[in-house]
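Structure first, commentary second.
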Amino acid sequence: MRAYERRLPHWDTVGQALFVTFRLHGSLPANRVFPPERLRNGRAFAAMDKLLDCNRSGPLFLGRPEVANLMVWALLDGERFGRYRLHAFVVMPNHVHLLVTPRVTARH
């Protein structure tokens with residue numbers, strides 16, 4: 001397993017379930033700073049997730065049914081093409097959560 005850290009730890013692993021979150025660019029307030037030295041062990045994720053869930057401005061394209069459907073098809077294609085096993089997912093207006101078990105490395 002390859003691991004590295006930016007603001008939060010990242011792992012590149014195969015065969016182990018991962019909870020993944022990604023968001024639209026600009027979906028968090030630009031003036032909000034998350035100092036990594038003060039937010040460890042999931043607190044940074046919880047703070048960012050709360051902001052994403054409450055945000056009613058900024059990009060909300062995933063809240064449009066036609067865009068959300070494209071995202072769903074893209075997630076299902078990843079499983080269909082054998083990149084991962086998709087256990088569960090939710091598409092929110094400005095971000096996506098998914099639980100997957102990778103079958104290939106991220107750089108594959």
Side-chain angles (χ1 to χ4, degrees):
M1 172 181 13
R2 186 175 69 97
Y4 62 96
E5 188 164 330
R6 285 185 283 178
R7 199 175 298 278
L8 294 171
H10 293 70
W11 296 274
D12 190 5
T13 183
V14 173
Q16 296 180 356
L18 294 174
F19 179 73
V20 179
T21 298
F22 57 92
R23 63 184 177 87
L24 297 177
H25 177 73
S27 56
L28 289 174
N31 62 345
R32 182 68 190 261
V33 178
F34 296 93
E37 66 278 359
R38 288 185 25 215
L39 297 171
R40 296 281 184 198
N41 300 324
R43 289 191 298 167
F45 170 80
M48 289 182 202
D49 197 50
K50 184 176 179 180
L51 283 173
L52 288 169
D53 287 340
C54 296
N55 194 358
R56 299 295 172 244
S57 62
L60 300 171
F61 304 116
L62 294 170
R64 297 174 55 186
E66 64 275 16
V67 177
N69 286 333
L70 286 172
M71 178 56 63
V72 169
W73 281 109
L75 294 173
L76 294 174
D77 275 352
E79 182 171 50
R80 187 168 60 90
F81 292 125
R83 297 191 58 74
Y84 49 76
R85 178 165 179 238
L86 184 62
H87 303 285
F89 66 90
V90 60
V91 178
M92 306 293 283
N94 59 3
H95 66 291
V96 176
H97 297 293
L98 56 139
L99 181 61
V100 296
T101 299
R103 293 183 174 149
V104 297
T105 62
R107 295 187 179 227
H108 181 78

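All values below come from the heavy atoms of this structure, side chains included, with hydrogens, waters and symmetry mates left out. Along the sequence shown, residues are numbered consecutively beginning with 1.
- Evaluation of the side chain to side chain contact (heavy atoms under 4.5 Å, CB included) rule for A68 yields V91 as partners, not counting sequence neighbours.
- Every residue meeting the ring pair (Phe, Tyr, Trp, His ring centres under 6.0 Å) condition with H97, not counting sequence neighbours, appears here in chain and number order: F19, H95.
- Residue V14 shares its hydrophobic cluster (ILVMFWY side chains chained together at separations under 4.5 Å) with no other residue.
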Please list, one pair per line, the donor and acceptor atoms closer than 3.5 Å that link side chains of residues 59-67 to other protein atoms, with sequence neighbours excluded.
residue : atom : partner : partner atom : Å
R64     : NE   : E66     : OE2          : 3.0
R64     : NH2  : E66     : OE2          : 2.7

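- Among residues two or more places apart in sequence or in another chain, the side chain to side chain contact (heavy atoms under 4.5 Å, CB included) test is passed with L86 by L75, L76, E79, Y84, F89, L98, V100.
- The two residues R103 and G82 make their nearest non-hydrogen contact at CB-O, 3.4 Å.
- Side-chain heavy atoms closer than 4.5 Å link hydrophobic residues (I, L, V, M, F, W, Y) into clusters, and following such links, even through other members, never connects L70 to L24.
- A continuous path of ILVMFWY side-chain contacts below 4.5 Å connects V72 to F22, so both sit in one hydrophobic cluster.
- Of the inter-residue distances, the one linking T101 atom OG1 with L18 atom CG reads 7.5 Å to the nearest 0.5 angstrom.
- Shown here are the side-chain hydrogen bond (donor to acceptor under 3.5 Å, both in side chains) partners of D77, two or more places apart in sequence or in another chain: R80.
- Summarising the hydrophobic clusters (Ile, Leu, Val, Met, Phe, Trp, Tyr; side-chain heavy atoms under 4.5 Å, direct or chained), the residues clustered with M92 are V90.
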